[in-house]
Amino acid sequence: MPWAKVYNHGFKGPGGWFIENSLTTLGQKDPVSEMNSRLWNSGVESDKDIARQRKRRLSYISNILVVSDPANPQNEGKVFLYKYGKKIFDKIMDMMQPEFPGETPVNPFDFWGGADFELKIRNVAGYRNYDKSDFKSPTPFLGADETQLESTYNSLYDLNEFVVPNYPNAHDANWFKSYDELKNKLETVLGLAVGAGATLRNEAVSQSAETAPIQSVSEPTIVAAAPAAAPAVAAEEDDTLSYFAQMAAED
């Protein structure tokens with residue numbers, strides 16, 4: 001599959017930070033989402049504000065090949081996992097599902113008809129902005145050199161480990177915590193835990209409106225999205241994944 005679709009929560013309470021992947025990624029019950037639903041349906045506006053602060057966030061993970069990275073030339077020619085948000089995902093979908101008549105759909109993950117992506121990052125109002133990033137014209141990946149293509153193909157990471165529970169040989173065994181582990185941590189962060197077997201007593205506890213800290217990372221200037229080694233179905237398959245599967249079948 002071209003991407004793994006992951007939900008997570010990040011917020012601060014009296015007992016510290018809660019930064020965890022959501023079990024809704026797997027189509028399972030998640031304690032934060034359950035609490036947010038109760039808060040949202042309470043009919044109290046302050047409860048809705050708390051639910052908004054703790055809402056789940058969506059991100060995507062793809063294989064990429066760094067084509068050019070002047071700041072970190074040692075990365076060039078290597079395959080990495082790249083995590084990105086809605087802005088970049090929308091640009092991918094604009095290529096795959098053009099909005100206007102006469103525009104040709106392009107699968108940017110395709111070896112022979114894909115396109116390089118130029119990542120341009122600006123700071124706008126204190127936040128990272130990707131609006132200037134764009135895809136280049138479609139070209140054969142790595143000049144269609146079979147040796148390089150095979151090497152890249154064999155370097156791809158298996159994205160199933162991010163969307164399949166207890167996936168064998170996953171790089172992070174704690175990528176998804178159990179429901180009880182998440183519930184216990186949530187109680188601790190919200191200052192609701194009073195010992196073993198503690199239950200949530202006061203869900204509308206006031207908490208800081210701060211957002212989770214953003215990690216500063218060095219990002220490549222130009223990347224080419226590499227295709228996944230084999231198509232797979234995520235736990236929460238949506239129309240975009242179905243569309244990609246259709247394109248692959250047509251090829």
Side-chain angles (χ1 to χ4, degrees), residues 3-61 83-94 97 99 124-131 162-166 172 174-215 233-243:
W3 56 74
K5 180 179 176 181
V6 180
Y7 291 102
N8 62 67
H9 294 279
F11 55 86
K12 189 178 182 180
W17 284 98
F18 185 96
I19 304 176
E20 298 289 345
N21 293 318
S22 171
L23 291 174
T24 59
T25 301
L26 310 175
Q28 300 177 7
K29 295 191 301 181
D30 182 88
V32 180
S33 292
E34 290 179 337
M35 178 182 287
N36 283 347
S37 294
R38 293 194 293 270
L39 289 169
W40 189 263
N41 294 326
S42 71
V44 179
E45 193 60 35
S46 59
D47 285 353
K48 290 185 177 181
D49 288 339
I50 294 174
R52 291 187 185 99
Q53 294 164 8
R54 301 175 187 168
K55 69 179 181 180
R56 66 181 189 176
R57 298 172 298 182
L58 174 61
S59 59
Y60 302 86
I61 301 173
K83 186 176 182 179
Y84 53 96
K86 186 177 184 298
K87 282 278 188 180
I88 292 179
F89 182 76
D90 286 346
K91 291 180 180 294
I92 293 174
M93 294 313 300
D94 285 343
Q97 299 177 333
E99 180 180 358
V124 178
Y127 295 93
R128 289 188 176 190
N129 183 282
Y130 300 89
D131 288 346
F162 300 108
V163 292
V164 176
N166 303 317
D172 185 354
N174 293 316
W175 183 251
F176 290 108
K177 290 185 171 64
S178 70
Y179 180 95
D180 289 339
E181 288 175 316
L182 292 173
K183 185 174 181 291
N184 289 336
K185 183 170 183 179
L186 178 62
E187 291 178 346
T188 299
V189 167
L190 298 182
L192 304 176
V194 294
T199 57
L200 299 179
R201 300 185 306 278
N202 179 13
E203 296 170 355
V205 173
S206 175
Q207 58 112 50
S208 170
E210 297 178 71
T211 58
I214 298 176
Q215 294 182 344
V233 179
E236 289 188 29
E237 180 172 340
D238 57 15
D239 291 340
T240 55
L241 286 179
S242 298
Y243 177 79

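Just so you know, residue 1 is the first one in the sequence shown, and it goes up from there. Predicted model, so just to flag it, every value in this text is computed and none were measured. What's counted below: heavy atoms across the whole structure, side chains too, no hydrogens, waters or symmetry copies.
- At most 12 non-hydrogen atoms from other residues, nucleotides or ligands lie less than 6.0 angstrom from NZ of Lys29.
- Inter-residue side-chain proximity for Val32 and Leu182 is flagged as unmet; no heavy-atom pair is nearer than 4.5 Å.
- Residues Glu187 and Asn184 meet the side-chain proximity criterion, which asks for heavy atoms closer than 4.5 Å.
- Here the closest non-hydrogen pair linking Leu23 and Lys177 is CD2-O, 3.4 Å.
- When every heavy atom of Asp47 is checked against every heavy atom of Leu39, the shortest pair comes out as CB-O, 3.3 Å.
- In this structure, OG on Ser178 lies 10.0 Å from CD on Gln28, to the nearest 0.5 angstrom.
- Leu192 CG to Met35 CE: the interatomic distance, rounded to the nearest 0.5 Å, is 6.5 Å.
- Note that CG of Asn41 and NZ of Lys48 are 8.5 Å apart. Values are rounded to the nearest 0.5 Å.
- Within 6.0 Å of the CD atom in Glu99, the count of heavy atoms belonging to other residues, nucleotides or ligands does not exceed 12.
- When side chains are defined from C-beta on, Tyr7 does not count as touching Asp30, because their heavy atoms never get closer than 4.5 Å.
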Can Leu186 and Lys183 be said to form a side-chain contact (heavy atoms from CB on, under 4.5 Å), step by step? CA-CA 5 Å; Leu186 178 62; Lys183 185 174 181 291; 5.6 Å; no
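- Across every non-hydrogen atom of Lys5 and Thr25, the tightest pair is O-CG2, 3.3 Å.
- Counting only heavy atoms from C-beta outward, the side chains of Asn36 and His9 approach each other to under 4.5 Å.
- Within 6.0 Å of NZ in Lys91 there are more than 12 heavy atoms belonging to other residues, nucleotides or ligands.
- Gln53 is not listed as a side-chain neighbour of Phe11, based on a closest heavy-atom distance of 4.5 Å or more.
- Tyr60 and Gly85 make their closest contact through CD1-O, 4.2 Å (heavy atoms, listed as atom of the first residue, atom of the second, distance).
- Aromatic ring orientation, Trp175 versus Phe162: perpendicular (interplanar angle above 60°, classes split at 30° and 60°).
- Atom CD1 in Ile50 sits 12.0 Å away from atom CH2 in Trp40 (nearest 0.5 Å).
- Side chains of Thr188 and Lys185 form no contact here, defined as non-hydrogen atoms less than 4.5 Å apart.
- The shortest side-chain heavy-atom distance between Leu190 and Arg54 falls under the 4.5 Å cut-off.
- Residues Tyr130 and Tyr84 have side chains not in contact (no heavy-atom distance under 4.5 Å, counting atoms from C-beta outward).
- In plain terms, the two heavy atoms of Phe176 and Ser22 that are nearest each other are CE2-O, 3.5 Å.
- Looking at every heavy atom in both residues, Asn21 comes nearest to Asn8 through OD1-CB, 3.7 Å.
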